[in-house]
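Step one of this worksheet: look at the structure below.
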Number of protein chains: 2
Amino acid sequence: MAEQTMNRPNIRQIREACRTCSLSDLCLPVALETEDVDALDGIVERRKPLARGDVLYRSGRPFGAIYAVRTGALKSMTISEDGEEQITAFHLPGELLGLDAISFGEHPSTASALETTSICEIPFEELETLSADIPGLNRQLLRIMSKEIFNEQEMLHALARRTAEQRLAILLTSLSDRFARRGLSSIRFRLPMSRHELSNYLGLAPETTSRLFRRFVDNGWITADGREISLIDFDALKAVTGGGASAMEKNAGLTKHS
Amino acid sequence: MAEQTMNRPNIRQIREACRTCSLSDLCLPVALETEDVDALDGIVERRKPLARGDVLYRSGRPFGAIYAVRTGALKSMTISEDGEEQITAFHLPGELLGLDAISFGEHPSTASALETTSICEIPFEELETLSADIPGLNRQLLRIMSKEIFNEQEMLHALARRTAEQRLAILLTSLSDRFARRGLSSIRFRLPMSRHELSNYLGLAPETTSRLFRRFVDNGWITADGREISLIDFDALKAVTGGGASAMEKNAGLTKHS
DNA sequence: CGGGAGCTTGATTTGCTTCAATTAGAGTGG
DNA sequence: CCACTCTAATTGAAGCAAATCAAGCTCCCG
């Protein structure tokens, strides 16, 4: 399937079309015809950028669209009845969010921007209509959701069973791979989230996260200046993750197909 | 959508058809026509029962079908390179498994029977073909996967952030609701998994799980005779879960539609 | 030059794991 | 049918990792 892709004469145009709207997840790994991509592109709405803290959609609101991150970053979170927010995911450029709303008709989580963020809106109604005509698109939607399930499972056990040190190493290497996937530097990047948000996501106390950053720096694995991170010894980081967990390998795996 | 379902004259037949093949997840919550259900039913293969420990599919094997549990129970697990098995999910009657394989073309996890188990095989190729003709089915497949994503997210944070006590309470109430969904008793049931497997899934030491069962019994919340569990005080259990987490509420939510 | 939030650092406590036995159960063969 | 064996489950004691409690620090913004 991926092999077929390579033989198509217009694959470069397709990729370009995808890239402009950050729909790489939806388009790149499959062999969509150029006209199909155009059709997909046609239903995508570019929304005005979100400022830090702006809410893209709120938990409980009716579901009408999924979203692709163009630039910036967002967090997904649920808010328990005692008002405590629980971050369930970070969304980087090129990634999709809102998929978890498909089954309920309303968003089970709230998404807000971590920094100035531009996104594309993909109305689900129209995407579904389009899917009926384009078998490849339908399949790709399923693929993405399946991948999502798997990544969640990986992360689930990454967080459930691993030590704090392993959790942070997993997060850093995961971010690295996800940035790399979008063509950004995999060894030097700026964390879009605060230490507090990062700790919340990892299920750790902020103090623990802070101590870990110190330890990683002392070990010579990374340098950290606020949110600016450099991975000095990626292999060392990778080694402490515990091997088994790597939601990122799967991202890399899909990228290779394109 | 769910409302439309109620008005169809043949909804009862549809449900019956679904129930016979344990495809409730796939059929019940949506308004599929009788002939559609028949078509779906036609592609489903009933495989011979699995004995305890039998492997349904192994990690790395090519993906060809998803499966529905008719009776019994299975576990999904990944095996890290050091040979340690990590249980990622339990699958009860009426539930689907194998969804996580759709994106990669091969199974990322291994599924094996916890007890004598009968399952239905749903060849994915044919399901996809069928989906093209039946919009409702396609949507439902997406719904299920979306729900799966959400449940995973819920569980992820249930396990990552909660105490051992909360984790076990969440598991017990979740199982209770899932059994109830299949029309089985929600207050008295037999655990399909060993303490060891249960602990593995929850990310706890078996000793901790054992101590927790004791504590729950001492508190008068449950009675436990080996794998036979009775929930004496469901509300107390529910209370200690921490409120926010409830992958099961969502299961119940879908049931209500039917 | 304050003021405040985010981050870091130190001291103490708690909860879970680990280590070490013991007990209970399930299956087996005499 | 009962002793025997092996594995699963339980229980106790000790150790450790991370949370919590409590200050300081630093940077940003007024």
Side-chain angles (χ1 to χ4, degrees), chain A residues 51-53 75 82 84-87 112 114-116 157-172 190-219 222-229 240-242, chain B residues 51-53 75 82 84-87 112 114-116 157-172 190-219 222-229 240-242:
Chain A
R52 171 176 168 73
K75 62 177 172 183
D82 57 351
E84 194 100 15
E85 91 174 35
Q86 177 57 251
I87 299 174
S112 79
L114 294 168
E115 55 195 9
T116 304
H157 291 97
L159 298 189
R161 299 278 283 186
R162 319 257 166 197
T163 65
E165 184 177 56
Q166 290 174 317
R167 296 184 200 191
L168 183 57
I170 288 168
L171 183 95
L172 288 176
R190 180 180 172 78
L191 296 176
M193 72 295 282
S194 70
R195 294 283 191 279
H196 179 79
E197 287 163 328
L198 197 147
S199 305
N200 181 304
Y201 177 69
L202 292 179
L204 299 173
E207 295 93 329
T208 303
T209 308
S210 180
R211 280 183 253 269
L212 285 171
F213 268 106
R214 183 164 207 348
R215 196 193 301 174
F216 282 15
V217 170
D218 288 349
N219 290 354
I222 66 172
T223 64
D225 177 21
R227 294 187 179 187
E228 290 293 340
I229 304 292
V240 302
T241 58
Chain B
R52 170 176 168 74
K75 61 177 172 183
D82 57 350
E84 194 100 15
E85 88 174 37
Q86 177 57 255
I87 299 174
S112 80
L114 292 169
E115 55 195 8
T116 305
H157 291 95
L159 297 190
R161 301 275 288 186
R162 319 259 168 198
T163 65
E165 185 177 55
Q166 290 174 316
R167 296 183 200 191
L168 183 57
I170 288 168
L171 182 94
L172 289 176
R190 180 180 172 79
L191 296 176
M193 73 295 283
S194 69
R195 294 284 192 278
H196 178 80
E197 289 163 328
L198 197 147
S199 306
N200 180 304
Y201 176 70
L202 293 179
L204 299 173
E207 294 94 327
T208 304
T209 308
S210 180
R211 279 182 255 269
L212 284 171
F213 267 105
R214 186 166 204 346
R215 195 193 302 174
F216 282 14
V217 170
D218 289 348
N219 290 355
I222 67 171
T223 64
D225 177 21
R227 295 187 178 187
E228 289 292 340
I229 304 292
V240 301
T241 58

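All chains are named by letter (A, B, ...) in the order of the sequence lines, taking the proteins before the strands, and each is independently numbered beginning at 1.
The two residues A:V240 and A:A169 have their closest heavy-atom pair at CG2-CB, 3.3 Å. The two atoms that bring B:L114 and B:P192 nearest to each other are CB-O, 3.5 Å, heavy atoms only.
Of the candidates B:H196, B:R195, B:R211, B:E197, B:H196 is the only one forming a side-chain contact (heavy atoms from CB on, under 4.5 Å) with B:P206.
Here D:dA8 presents its P atom at 15 Å from CG of B:L198, a figure rounded to the nearest Å. The distance from atom CD of A:E228 to atom P of D:dC27 is 15 Å, rounded to the nearest whole Å. Atom CG in B:N200 sits about 16 Å away from atom C1' in D:dA9, given to the nearest Å. Separating the CD atom of B:E165 from the C1' atom of C:dT17 is a distance of 17 Å, rounded to the nearest angstrom. A:L212 has its CG atom 11 Å from the C1' atom of D:dA17, to the nearest Å. Atom CZ of B:F216 is separated from atom P of D:dT10 by 13 Å (rounded to the nearest Å). In this structure, the CG atom of B:L168 is 11 Å from the P atom of C:dC16, given to the nearest Å.
A search for side chain to side chain contact (heavy atoms under 4.5 Å, CB included) contacts involving B:R214 returns B:D218, not counting sequence neighbours.
Among the heavy atoms of the strands lying under 4.0 Å from B:A164 are primed sugar atoms or P, OP1, OP2 only; no base atom is included.
Of the charged side-chain nitrogens involved, none lies within less than 4.0 Å of a carboxylate oxygen, so that A:R227 and A:E115 do not count as a salt-bridged pair.
The structure places CG of A:L212 at 11.0 Å from CD of A:Q166, a figure rounded to the nearest 0.5 Å. Taken from CG in A:L198 to CZ in A:R167, the straight-line distance is 12.0 Å, to the nearest 0.5 Å. Note that CE of B:M193 is 10.5 Å distant from OG of B:S199, once rounded to the nearest 0.5 Å.
Using five terminal pairs a side, the axes of the helix from C:dC1-D:dG30 to C:dG30-D:dC1 at its two ends make an angle of 30°, given in steps of 10 degrees.
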Report the C-alpha distance between A:L168 and A:T208 in whole Å, list the side-chain angles of each, state the deciding distance to 0.1 Å, and finish with yes or no for side-chain contact (heavy atoms from CB on, under 4.5 Å).
CA-CA 10 Å; A:L168 183 57; A:T208 303; over 6 Å; no
Generate the contact string for nucleotides 4-10 of chain C. Rules: B means base contact, S means sugar-phosphate contact only, - means no protein heavy atom under 4.0 Å.
---SBBB
